[in-house]
Amino acid sequence: MVSKSHVKRGEHLLLEKLQSPESSGRLKAVRCIRDQVIGNRSRKLAYLKLGVVERLVELLSDPDGESLIRINCAATVGSLAYGIEDGLRAVLASGGVAQLIQLLSSLEERVVEAGVRALKMVVAHQSEATQQAQTLDADALQRLTELLCSESQSVAEVAARILARCCHDASMRQCVLDSGGLKGLEHLLQAREASRQEAAVEALAALTVGNAAVQDNIVASPHAIPCLMAMLQAQAAQTRLLAAQCLINVASAMPSTSDAAVAEAPYRDYRSSPVPLLSQQDVRRAVLPVLAKLLSDDTVREHVPHLLAELLKDNKDLQVAAADADAVAKLAYLLQQDNCPPRLKGGALRALSTMCADRESSRRQLLEAKAIGAIVRSLSDPDAEVRNAACTCVRCLSRSVKSLRASLVDADVAPPLFRLMEDANPSIQATASATICNLVLDFSPVKEAVLAAGCISALVKLATSAHDELRLNAVWALQNLVYQANSGVREALLEALSWSQVIDLVCDMRSEIQERAFNMLRNLLAHSESADVKRVMEWSQGHLCELLISRVHPGAAHPSPQRVHALYSLVNISAAGEEPGRDSVLTEALAGSLANILTASDAEEKLAAVWCIINLTNSSPECIGAPKRVAMLRNHGISRILSDMQTDAALGADIRERTKTALGNLVDLDMFTE
Amino acid sequence: MPVRDEDASDIFSELVPQVLRSTEDRNEVTNRLRQVLSGWRRASDLLDPDDMMASCPASMDERDGLPSLHTLTTFRESCAATPASSQDFSPPEPCSYLRAGQVFCGNQRVNRMESSAAENWLVEIQVQDVDLRQGMAWGTSSWLLPNGEAPVETTWQGEIIDNCNHTFDTQKWGASHISDMKNWSKFSAFSELYMAGSILGSRCCRLKECSHIFMRWKEQAFAKSGDDCGLTIAGFYYICLCRQTGDVEGFYVDPLSLPNHKLTLKAVTAGAPAGMQSFAAFQFR
């Protein structure tokens, strides 16, 4: 034991000795410092305060320096950068990374090994400065790639680990590929030692992210896929996880079926090959149970749900298999744990979203797992990734039948969701507004909450956004909001949205936005009383029918869905309006358009047109103007067209049946003669 | 919905001891049941359908103007000999009356001579969503009971008989092939298909051109009232929708409840004259 004052003096002394003219003195000093700082945080901080890094980097950069001094300097620099933010910053500031990379070109293998090990410690530290440390230039990447084929297996292993951390953008991955990195990694993949295999697969997992060229190369390699498949059974959970990640990344580059695999490999004698040719589905099916098991492994669990989400994306068969393997309940359980870390939470929400996107039974499973509360709480998580994932999950759940949507409402999902509509992150804003679209459907508590939170004005404001996606979501939400809404909600919309804004929306640059705007008008008019229709007419300053009839005109070449919504809007006015309303719908222009649609357009338009005729020709006692309207339709040849349609086997049953009803109306009015 | 719990429990208390004994003496149970159910037009809903098959004389069906079990079985066997390759098992085509937002209004009553006003319930049924690809429909029902209290609301899930996702065989909820055939035969549209030899096993080779759409509706939960509201949703409905008019006919089946609850509905649009329809549309995002 020594006193603190002695130690302090000793640190200064050692620092001075680093500049000793005698190389033996320098070596002794650097060894001594190395021994003191390795694994000792307080010593590291003490030496960092004295500026030891700059002195060590100077020694590293001395081309005439003794190998042993450089080796020990490298080890000390690596240790100082590892685990201490100030240490990493000091190494970066003093150009230490460049000097360590210089060591990699040494002719002495032990110097290279010291350099590569120190570099690994520098890039391994997780901090704000990590990105800078991990940004290596092309020369450095090339040198590291060359080292993958080093005769020293340990150098190759460490080089692979560095590459795994540094290949975070496409250009860096391409650089490694161009330098022949795959060959070295494949070689390493076949090593006997598990740690080396793991290093190779870790690098491959990083290299294959979103890089079709690398994926193709791995798939074409005769050994890589079988090696990775074998590693799914490795003892170490980390190795299984990395192999699974790698296989998920490359699966999309593989043939879609086993037959295709054979067809796409004509030059391989697959009959005699000991390795079966695998399809992407084979590989994905093999990965799924591995991930399902890893969900129960404490050491890697945090990373599993993200991979699961990636694996199940756009793959209905696997989603079913995952649900059968109880994945929904397992993920829901993890989500509900108090100490669930953000990465695990975000991943679990992503995976659940994938499984619930289109499967009602998975949604039900999630509901039964009582995870809705945890999901709704995650909408207010401080981590943006978690908020976004939670919002996506709520969106997937909200694409559900009413009874399940009701459970979201019960969990009080509306307030946090409304807050997210004003999130600083535009991606979260877009997801939140998309979710609102589903939740405002026909369920009065949410509609009431929307009204209470002033959400209609927020949606109307969003409908003028410069961001296409937000504008689309806003008008979509308004369309669904007025679907089967009561007159209070409809009136609130009429108050908040001006007719000139409607005109902007129906003339929007994006056709989809125009379509949603017409659907909104259709819903606004559906299931209305005549007073409601009058109110909408006033709101439009009398231009509503004119707008709808002009959109229906076949000559105007508007997209079919818009014409269908415009037609049903007219159908709805006819159903709810009094006689003047029906008379204002049926103009000469509309009668001509109806005749054209019935003879030329697609089935959806025809059906809407026939319903329009049915409602306009209804012979109920209150429809006193029906004979006059029938006469106008007859003048445009509608009754003859309907007669032809009734027996047209090419038309669908629904259109033929409705045509029969329309003709029946004409007969009832005794006008069925031309 | 169905039926009152007290009705069901009365019947249950009558039946259970008998059913326990039924393994020993089936005929005795059947006779006892007939006494309990005297005045009811049809006892088949209350009995295990296979038991009914064994104990019910064929003439009982013929009295009701429906094809007898024996006749149906014979037809089924004869049709099974028709080569499958010449048959069209396409699903029914879309119909304007089977879509999200469609509302049906009507009543449910006990279908027997001395049914009282208290057994005649007004009902409004709304289709919330339809997925023809999966042969599914979802909706809500709002029941106005004669006691004048607030309507009781339930949610239901429907299976559309489409030959691929769902056939005429229920295969659950206590139904058997025989009981299914007996209940479907209450719809004249089904009987016509059967007599024409279009029902092959549990599928139909003329669903696409059929003038009606057949479904099963199963209530899933009470939307507002609790399970202790004195009503039960344990059974399910056989449903027949007329494509041309939108009229719906249905029969509620629950072995432990009063039988012959008949549902009669018409497609309506609030505020519109009869025959007119209004169409809203939504899309999930």
Side-chain angles (χ1 to χ4, degrees), chain A residues 360 395 398-403 406 433-438 441-442 472-473 476-477 479-480 482-484 516 519 522-530 532 564-565 568-569 571-572 574-576 607-608 610-611 614-616 618-623 652-655 657-658 660-661 664-665, chain B residues 90-103 126-134 136-140 153-158 207-213 219-224 242-246 268-285:
Chain A
E360 191 69 7
R395 180 183 168 186
S398 67
R399 297 170 61 90
S400 179
V401 293
K402 188 172 177 172
S403 58
S433 51
T435 312
I436 295 278
C437 290
N438 300 337
L441 269 168
D442 71 357
L472 175 64
N473 287 346
W476 200 314
Q479 166 213 293
N480 283 356
V482 287
Y483 175 79
Q484 296 185 332
R516 299 276 75 86
N519 198 158
R522 169 182 175 175
N523 289 351
L524 202 51
L525 294 159
H527 309 289
S528 300
E529 300 291 338
S530 58
D532 300 328
V564 169
H565 289 310
Y568 277 120
S569 302
V571 169
N572 295 343
S574 309
L607 184 62
V610 175
W611 269 113
I614 290 173
N615 280 5
L616 289 169
N618 187 290
S619 59
S620 299
E622 62 262 50
C623 302
D654 198 19
I655 298 179
E657 287 154 4
R658 305 294 75 82
K660 191 176 167 188
T661 305
N665 283 358
Chain B
S90 303
E93 290 198 37
C95 174
S96 287
Y97 293 112
L98 185 57
R99 63 181 164 84
Q102 180 64 57
V103 177
Q126 183 164 39
V127 179
Q128 297 289 346
D129 204 2
V130 175
D131 183 345
L132 292 178
R133 201 166 41 87
Q134 291 184 48
M136 296 298 292
W138 296 269
T140 52
E153 292 189 11
T154 59
T155 58
W156 55 266
Q157 183 168 303
L207 276 187
K208 191 180 175 186
E209 61 190 78
C210 183
S211 58
H212 290 71
I213 293 175
E219 283 167 303
Q220 296 187 302
F222 289 100
K224 287 180 183 166
C242 175
R243 298 181 57 103
Q244 185 63 51
T245 61
V268 296
T269 288
M276 286 197 194
Q277 287 287 315
S278 187
F279 296 84
F282 72 90
Q283 290 83 28
F284 284 128
R285 182 80 172 108

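Order of the sequence lines sets the chain letters (A, B, ...), proteins ahead of strands, with each chain counted from 1. Note that the coordinates shown come from a computational prediction; the quantities given were computed from them, not determined experimentally.
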For residues Gln484(A) and Gly101(B), report the shortest heavy-atom separation together with the two atoms involved. NE2-CA, 3.1 Å
Side chain from CB out, backbone as N, CA, C, O: work out which of these in Leu607(A) comes under 4.5 Å of a heavy atom of chain B, or both, or neither. side chain
Residue pair Val571(A) / Gln277(B): nearest heavy atoms and the distance that separates them: CG1-O, 3.5 Å
Under the side-chain contact (heavy atoms from CB on, under 4.5 Å) criterion, do Phe284(B) and Asn480(A) qualify, and how do the steps go? CA-CA 9 Å; Phe284(B) 284 128; Asn480(A) 283 356; 5.8 Å; no
Largest heavy-atom contact set with chain B, pairs under 4.5 Å, which of Thr661(A), Asn523(A), Asn615(A): Asn615(A)
Tell me, side chain or backbone of Ser528(A) under 4.5 Å from chain B's heavy atoms, or both, or neither? backbone
Looking only at heavy atoms, what is the nearest atom pair of Pro273(B) and Asn618(A), with distance? CB-OD1, 4.4 Å
Most heavy-atom pairs under 4.5 Å with chain A, out of Ser211(B), Gly139(B), Ser96(B), belong to Ser96(B)
Taking the side chain from Arg285(B) and the backbone from Arg399(A), do they hold a donor-acceptor pair closer than 3.5 Å? no
Got a donor-acceptor contact below 3.5 angstrom from the Glu657(A) side chain to the Gln244(B) backbone? no
Taking ring-ring contact (aromatic ring centres under 6.0 Å, His included) as the definition, give me every residue that meets it alongside Phe279(B), ordered by chain and number, with sequence neighbours left out. Tyr568(A), Trp611(A)
Answer key: most heavy-atom pairs under 4.5 Å with chain A among Ala270(B), Cys95(B), Ala100(B) is Cys95(B)
Output all residues satisfying salt bridge (Lys or Arg N to Asp or Glu O under 4.0 Å) with Asp532(A), sequence neighbours left out; order by chain, then residue number. none
Specify which of Gln134(B), Arg243(B), Glu209(B), Lys208(B) makes the most heavy-atom pairs with chain A at under 4.5 Å. Arg243(B)
Quick check against the 3.5 Å criterion: does Glu93(B) have a side-chain atom that pairs as donor or acceptor with the backbone of Gly652(A)? no
Is chain B contacted by the side chain of Leu524(A), its backbone, both, or neither, given a heavy-atom distance below 4.5 Å? neither
Ranked by heavy-atom pairs below 4.5 Å to chain B, first place among Ala526(A), Ser530(A), Ala575(A) goes to Ala575(A)
Which one wins on heavy-atom pair count under 4.5 Å against chain B: His527(A), Arg516(A), Glu622(A), Glu529(A)? His527(A)
Test item: Asn572(A) side-chain N/O and Ser278(B) main-chain N/O as donor-acceptor pair under 3.5 Å: no
Are Cys437(A) and Gln283(B) packed together at the side-chain level, in the sense that at least one heavy-atom pair is separated by less than 4.5 angstrom? no
Of all of Asn473(A), Ile614(A), Ile655(A), Ile436(A), which one pairs up most often with chain B through heavy atoms under 4.5 Å apart? Asn473(A)
Grab the two heavy atoms, one from Asn519(A) and one from Ala281(B), that are nearest each other, plus how far apart they are. ND2-O, 3.1 Å
Is there a side-chain contact between Glu360(A) and Met136(B) (heavy atoms, below 4.5 Å)? no
